[in-house]
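Since the structure comes first, as structure tokens, the remarks are kept for the end.
In the text below, chain A, chain B and the rest are named by the order of the sequence lines, each starting its count at 1.
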Amino acid sequence: MKIELVNRPGNTAAKVTLAAGETCTAEAGAMIAMSGHMNITTTTHKKGAGGIFKAAKRMLSGESFFLNHFDPKDKEGELWLGSSLAGDMLALTLDNENLIVQSGSFLASEESVDMDMGWQGFKSLLSGESMFWLNLKGRGQVVLSSFGAIYPIEVDGDYIVDTGHIVAFNETLDFTITKAGSSWLQSFLGGEGLVCKFSGKGTVWCQSHNANSFGHALTPKLRKA
Amino acid sequence: MKSEIKGSQAFSYVEVELAPDEVIVTESDAMSSMDADIELKARLNGGLFKGLLRKYLGGESLFVNHFSNPTNTPKKMTIVQGTPGEICHRKLDDEVYYLQPGAFIACSPGITLGLEFAGLVSFISREGLFRLKMSGSGDLYFGAYGALLEREVDGEYIVDSSHLVAYEPGIKLKLQLAGGIFSSLFGGEGLVTRVEGKGKIIIQSRSITGLAGWLNPKF
């Protein structure tokens with residue numbers, strides 16, 4: 001599976017080239033174009049191992065109930081993927097490691113990558129992200145999408161990320177919900193409110209923009225339904 | 001203060017490196033990530049009364065944040081704006097610069113944020129009744145929805161309403177119809193802002209009002 005990201009970071013699209021026999025799993029609704037001979041299978045979970053419960057969990061986490069599996073049958077084929085919000089994408093290769101992904105950010109993965117919902121505790125409710133997080137593990141490539149540009153931060157010690165800006169992080173990192181700076185009052189008065197504090201050693205990928213902030217700028221100008 | 005604007009014109013964000021004891025003043029909720037050692041203090045945006053004025057009339061928040069680095073090694077932080085778009089950096093050297101409401105993102109502490117009555121003309125052309133007056137010396141970051149275009153004005157220049165972002169003090173705003181009555185009403189341009197004087201203006205390539213106007217009929 002070959003991944004090429006084009007038109008970054010404004011309106012990124014991912015071109016996925018699949019060799020015969022390879023399968024790419026993508027979020028429902030992510031396909032924008034593909035070769036005519038591409039075969040699509042829709043399941044509730046991993047190909048060949050559907051699970052209503054896992055699908056229901058995925059739906060709770062803001063992802064769709066179904067996943068699409070694309071395979072080009074006996075000859076090479078290509079597949080174009082896009083996301084609904086304008087923004088950047090990130091292609092990562094997992095090498096037997098665990099990646100925790102903010103669930104709305106998942107776009108596609110290789111068949112060899114296993115996917116499950118992770119429960120990060122009640123702190124997730126306060127993190128501005130959804131309650132469940134995707135847990136990707138195994139070997140293979142994954143594509144994530146974001147609202148805005150994506151920038152990586154190498155954490156060694158403590159680092160603070162504002163709620164709503166997390167795309168993904170290595171499982172070697174742990175986060176707690178806390179305040180920005182040393183005082184709760186200052187953090188709330190300053191509009192930062194709750195933030196996520198990452199500790200340990202690893203990488204956290206952040207998105208430069210927060211869909212909620214954009215929503216707040218736009219909503220007052222929209223007509224009431 | 002070391003800083004770099006990244007993320008292209010579509011999704012600009014500012015990477016700032018604070019040297020020991022250095023301070024940066026930002027708009028409320030502008031921080032997206034920072035080193036855990038950086039200290040935050042919320043300050044009233046120039047007194048309670050002025051702060052309230054700025055919040056309700058200037059489109060800015062009641063509080064601004066002072067981020068400081070109390071350690072003795074440089075620390076990094078990232079500053080963003082709420083809407084997708086470009087961020088511009090400008091160095092002020094004991095001068096005045098005007099920003100439209102909502103355009104302010106961050107500045108060094110040597111710059112004072114003030115609010116000034118922009119005149120009825122500005123209000124009618126949907127540029128806001130008030131404008132932000134930045135004065136002093138230091139680094140200033142501002143941005144808007146869309147890309148930012150700089151135009152050198154000497155004499156007259158016409159800008160569509162709600163597209164003006166910033167201008168130098170030598171510039172005055174006037175209101176006029178885009179063309180005759182017919183083209184103003186039916187050509188989709190309506191009222192425009194006429195800027196007069198000598199200096200540079202910054203225009204945004206998109207406007208939130210325009211996006212909302214396009215979205216509204218779809219609901």
Checklist outcome for this item: Okay, Asp35(B) and chain A: the region with an atom under 4.5 Å from a heavy atom over there is both

Checklist outcome for this item: Ranking Lys221(A), Lys197(A), Arg8(A) by heavy-atom pairs under 4.5 Å to chain B gives rank one to Lys221(A)

Checklist outcome for this item: dist Ser208(A):OG -> Gln81(B):CD (nearest 0.5 Å) comes out at 9.5 Å

Next on the checklist: Less than 4.5 Å apart, side chain to side chain, heavy atoms only: is that true for Val80(B) and His165(A)?
Outcome noted: yes

Checklist entry - Would you say the side chain of Leu215(B) lies within less than 4.5 Å of the side chain of Leu218(A), judging by non-hydrogen atoms? => result yes

Next on the checklist: Using heavy-atom distances under 4.5 Å, tell me whether Ala211(A) contacts chain B through its side chain, its backbone, both, or neither.
Outcome noted: neither

Checklist entry - Is the CZ atom of Arg90(B) crowded by more than 12 outside heavy atoms at less than 6.0 Å? => result yes

Checklist outcome for this item: Whatever's closer than 4.5 Å to a heavy atom in chain A on Ile38(B) counts as backbone

Checklist outcome for this item: Applying a strict 4.5 Å limit to non-hydrogen atoms, the region of Ala42(B) in contact with chain A is both

Checklist entry - How far apart are the closest heavy atoms of Pro84(B) and Phe147(A), and which atoms are they? => result CG-CZ, 3.7 Å

Next on the checklist: Taking the side chain as everything from C-beta on, heavy atoms only, tell me whether Val161(A) gets closer than 4.5 Å to Ser32(B).
Outcome noted: no

Item to check | Nearest non-hydrogen partners of Ala217(A) and Thr83(B), listed with the distance | outcome: CB-CG2, 3.7 Å

